[in-house]
Amino acid sequence: MAIKLYNTLTRKKEEFKPITPGEVKMYVCGPTVYNFFHIGNARTFLVFDTIRRYFEYRGYKVQFIQNFTDIDDKLIKKANEEGITVPEVAERYIKEYYTDADALNLKRATVNPRATEYVEKIIDFIKDLEDKGYAYAVNGDVYYRTKKFTEYGKLSKQSLDDLEAGARIDVDERKEDPMDFVLWKAQKPGEPGWESPWGVGRPGWHIECSVMACSLLGETIDIHGGGADLVFPHHENEIAQSEARNGKPFAHYWMHSAYLNVNNQKMSKSLNNFFTAREILEKYDAEVVRMFMLSGHYRNPINFSLDLLDQASSALERLYNAMSNLEHIIESGNERELNTEEIEMSNKLDSYKAKYIEVMDDDFNTADAISVIFDLVRDINTNIKEGSPKTLAVKALALIKELGAPLGILQKESRGALEEEIEKLIEERQQARKNKNFALADKIRDDLKERGIVLEDTPQGVRWKRV
RNA sequence: GGCGGCAUAGCCAAGCGGUAAGGCAGAGGUCUGCAAAACCUUUAUUCACCAGUUCAAAUCUGGUUGCCGCCUCCA
């Protein structure tokens, strides 16, 4: 069975057919590095990280490119405010990006290209557009001639005429058409600039993605992704630039993640209603954040709140409890052969994996995938208990981890070994219980709890976990 | 004005033509020295509303209401 995904370009779910068999070339628009990223940005990063991991899980080799926009008005503004240079601002927030992205357990991209590393190529690209009549220069600025690209609007399903009707008033009069957008900006006093055929200046925003995607992945790529707010104009413009220059489709599939809202309103830096990923990660484990984000479908908006994070945390805990229980079964090590029922259970485990793949193949339905894991866990909790054969428990535990991996959850290391001193205390408590000295037993249990070790008594002996 | 999305239990959320997944929270029970964990039972005759199509609709069509987004930098 093949993976199906929703293509914004066709507004339909389509079967994924790679350009090169077994490979996925994907480009995802990354952050403008002038600030910490917020939890809404994190959603997009997380969604595409999961999609990438899932492709890998299904055996694809994925080339995952995510750019850093390191030259733009906001960086310049920030640099001026802080009295430092634009490259210093970029350097700082790229570093901060990695800090937070790593904390969120986002897999590192194959390449994180930066716009400023591609200025030469950007200039060449714009020159090509100019040669083909798709670009024109005015006093050091260069604009894209949207009217000439007849398919303009095909991604956002907007027609140029309607767009013009709704355009705001502050139209630059040097443009031939209000919808033309800037490819190259002439340098203003105090701004960084690069030499170009049109004078000193810097790239416009949209051009960098066209150029970097093309340079690193080729003229046609498999998947281009980003947040829903990039559909228009950013991705529309990328298509116009790339297809005008290369004369072939830019990306086969366009994928967009829905917003993360606060009180049902888009979280954004301009609305100033955001939480940074960092401040959330101070209070919540990255896995909890992932659990929360992936509990809804990536194309549906989700509302953000601390209460929902708490719910996700409780849900995750249920999963980890099951894993912890399996570890205990494995440690107590019942080596016997599987009986008929257990063989049946072992085979049944495989059916959960099949179901998981089925729902994930269908446009990355992580919500369903998580529910499959919960169904699996309920079955395991019911049918694999103290006294079950070790091999069965090993298989069950491995499966939970396997299914959690593409989602970036349930990968925490096992509990590890206990310190000798604590083992002694547990032993002491067992003695106390045997002697019905429950006061002492409970005191030891409470003390250990203070130290982060929770004890649970089972018929097969005491079970412990770290909290 | 143009384009688009959403409305499912107390909360979150999947399902998108075959008779309401899953999680959180709550209630009762089993187990336990007490706990914890786990399990069992329970919580939507019903999917914003009104028509229609169909043997069959939360799912399709038309309309109504409400909310949100893009068209301007934004993930």
Side-chain angles (χ1 to χ4, degrees), chain A residues 8 11 28-32 34 37-48 69 72-74 77 153 156-159 161-170 179 205 225-234 236 256-261 263-271 274 291-292 295-297 299-303 305 307-319 321-322 324-325 328 355 359 362 365-375 377-378 380-383 385-386 433 436-439 441-442 445-446 449 454-459 462-465:
Chain A
T8 307
R11 307 282 159 107
V28 177
C29 292
T32 300
Y34 71 104
F37 66 84
H38 60 64
I39 200 77
N41 300 311
R43 181 184 191 192
T44 298
F45 301 153
L46 229 83
V47 161
F48 287 101
T69 298
D72 129 291
D73 291 345
K74 288 189 291 269
K77 184 164 172 257
S156 57
K157 308 288 184 251
Q158 302 274 73
S159 81
D161 298 338
D162 292 335
L163 283 167
E164 284 174 48
R168 304 292 167 97
I169 325 150
D170 55 338
M179 286 316 295
W205 174 40
D229 45 356
L230 297 185
V231 175
F232 192 92
H234 188 236
E236 196 71 73
H256 298 278
S257 58
Y259 298 124
L260 181 133
N261 297 149
N263 296 132
N264 282 315
Q265 277 203 306
K266 176 181 175 177
M267 179 184 287
S268 77
K269 287 175 185 167
S270 36
L271 288 178
F274 63 91
M291 184 78 179
F292 162 69
S295 66
H297 189 91
R299 282 191 285 114
N300 287 148
I302 50 175
N303 225 343
S305 77
D307 177 56
L308 261 17
L309 241 24
D310 289 334
Q311 287 193 192
S313 176
S314 301
L316 233 206
E317 199 178 326
R318 176 175 160 81
L319 265 20
N321 272 331
S324 171
N325 292 347
H328 183 246
K355 178 71 182 164
V359 300
D362 186 9
N365 195 333
T366 53
D368 267 349
I370 288 170
S371 83
V372 170
I373 297 176
F374 274 105
D375 288 339
V377 158
R378 157 161 275 128
I380 288 171
N381 282 337
T382 309
N383 293 302
K385 303 190 143 130
E386 307 290 333
R433 288 184 69 216
K436 304 245 185 272
N437 185 351
F438 296 122
D442 290 351
R445 185 168 65 191
D446 290 344
K449 194 173 177 185
V454 169
L455 299 186
E456 297 168 358
D457 299 319
T458 79
V462 64
R463 181 166 71 201
W464 59 272
K465 66 180 176 191

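Note on naming: letters A, B, ... go to the chains in the order of the sequence lines (proteins, then strands), and numbering restarts at 1 for each one. Every heavy atom of this structure was used, including side-chain atoms; hydrogens, water molecules and symmetry mates were not.
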Which part of the nucleic acid does [X] contact within heavy-atom distance under 4.0 Å: base, sugar-phosphate only, or nothing?
X	result
Asp72(A)	nothing
Gly296(A)	sugar-phosphate
Asn261(A)	nothing
Leu260(A)	base
Leu271(A)	nothing
Asn381(A)	sugar-phosphate
Tyr259(A)	base
Ser159(A)	nothing
Phe438(A)	base
Ser268(A)	base
Asn325(A)	sugar-phosphate
His297(A)	sugar-phosphate

Nucleotide forming a Watson-Crick or wobble pair with [N], both distances under 3.5 Å:
N	value
A36(B)	none
G66(B)	C6(B)
U61(B)	A51(B)
C74(B)	none
G26(B)	U42(B)

On a whole-Å scale, what distance lies between the [atom1] atoms belonging to [N] and [M]?
N	M	atom1	answer
C6(B)	C12(B)	C1'	15 Å
A44(B)	G5(B)	C1'	25 Å
A9(B)	G22(B)	P	16 Å
A48(B)	A57(B)	C1'	16 Å
U32(B)	G18(B)	C1'	46 Å
A36(B)	C24(B)	P	16 Å
A25(B)	G10(B)	C1'	8 Å
U54(B)	U19(B)	C1'	14 Å

Below 4.0 angstrom from OP1 or OP2 of [N], is there any side-chain N or O of [X]?
X	N	value
Gln265(A)	G69(B)	yes
Trp205(A)	C74(B)	yes
Arg318(A)	A36(B)	no

Looking at [X] and [Y], would you say the former's side chain and the latter's main chain have a donor-acceptor pair under 3.5 Å?
X	Y	answer
Thr382(A)	Arg378(A)	yes
Asp72(A)	Lys74(A)	yes
Asp457(A)	Val462(A)	no
Glu236(A)	Gly153(A)	yes

Distance criterion of 3.5 Å, no angle test: do you see the side chain of [X] paired donor-to-acceptor with the base of [N]?
X	N	value
Arg445(A)	A36(B)	no
Arg433(A)	G33(B)	yes
Asp442(A)	G33(B)	yes
Arg378(A)	C40(B)	no
Lys266(A)	C74(B)	yes

> According to the interplanar angle, ranging from 0 to 90°, do the rings of His234(A) and Trp205(A) count as parallel (below 30°), tilted (30 to 60°) or perpendicular (above 60°)?
Replying inline: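 Rings of His234(A) and Trp205(A): parallel, under 30°.
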
> Partners of Ser268(A) by side chain to side chain contact (heavy atoms under 4.5 Å, CB included), sequence neighbours excluded?
Replying inline: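 Applying side chain to side chain contact (heavy atoms under 4.5 Å, CB included) to Ser268(A) gives Lys266(A), Ser270(A), Leu271(A).
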
>> I want to verify a distance call: between C70(B), C34(B), A14(B), whose nearest atom is closest to the Ala367(A) side chain?
In response: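 Comparing C70(B), C34(B), A14(B) against the side chain of Ala367(A), the answer is A14(B).
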
Could you tell me how far apart [X] ([atom1]) and [N] ([atom2]) are, to the nearest whole angstrom?
X	N	atom1	atom2	value
Asn41(A)	C73(B)	CG	P	17 Å
Asn300(A)	U8(B)	CG	C1'	12 Å
Leu308(A)	C24(B)	CG	C1'	9 Å
Phe37(A)	C74(B)	CZ	P	18 Å
Met179(A)	G2(B)	CE	C1'	12 Å
Gln311(A)	A13(B)	CD	P	9 Å

> Partners of Tyr259(A) by ring-ring contact (aromatic ring centres under 6.0 Å, His included), sequence neighbours excluded?
Replying inline: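 Applying ring-ring contact (aromatic ring centres under 6.0 Å, His included) to Tyr259(A) gives none.
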
> Between Met291(A) and Ile370(A), what is the shortest heavy-atom contact and its length?
Replying inline: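 For Met291(A) and Ile370(A), the tightest heavy-atom pair comes out as CE-CG2, 3.8 Å.
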
> Which residue lies toward the 5' end of RNA chain B, Thr382(A) or Asp307(A), if each is placed at its nearest nucleotide?
Replying inline: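 Of the two residues, Asp307(A) wins.
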
> When the nearest nucleotide of RNA chain B is assigned to Arg43(A) and to Arg299(A) on a heavy-atom basis, which residue is associated with the more 5' position?
Replying inline: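 Here Arg299(A) is the residue nearer the 5' end.
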
>> Is Phe374(A) stacked against the base of G22(B), taking the criterion as centroid distance under 5.5 angstrom and interplanar angle under 30°?
In response: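 The base of G22(B) is not stacked with Phe374(A) (the test needs centres under 5.5 Å and planes under 30°).
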
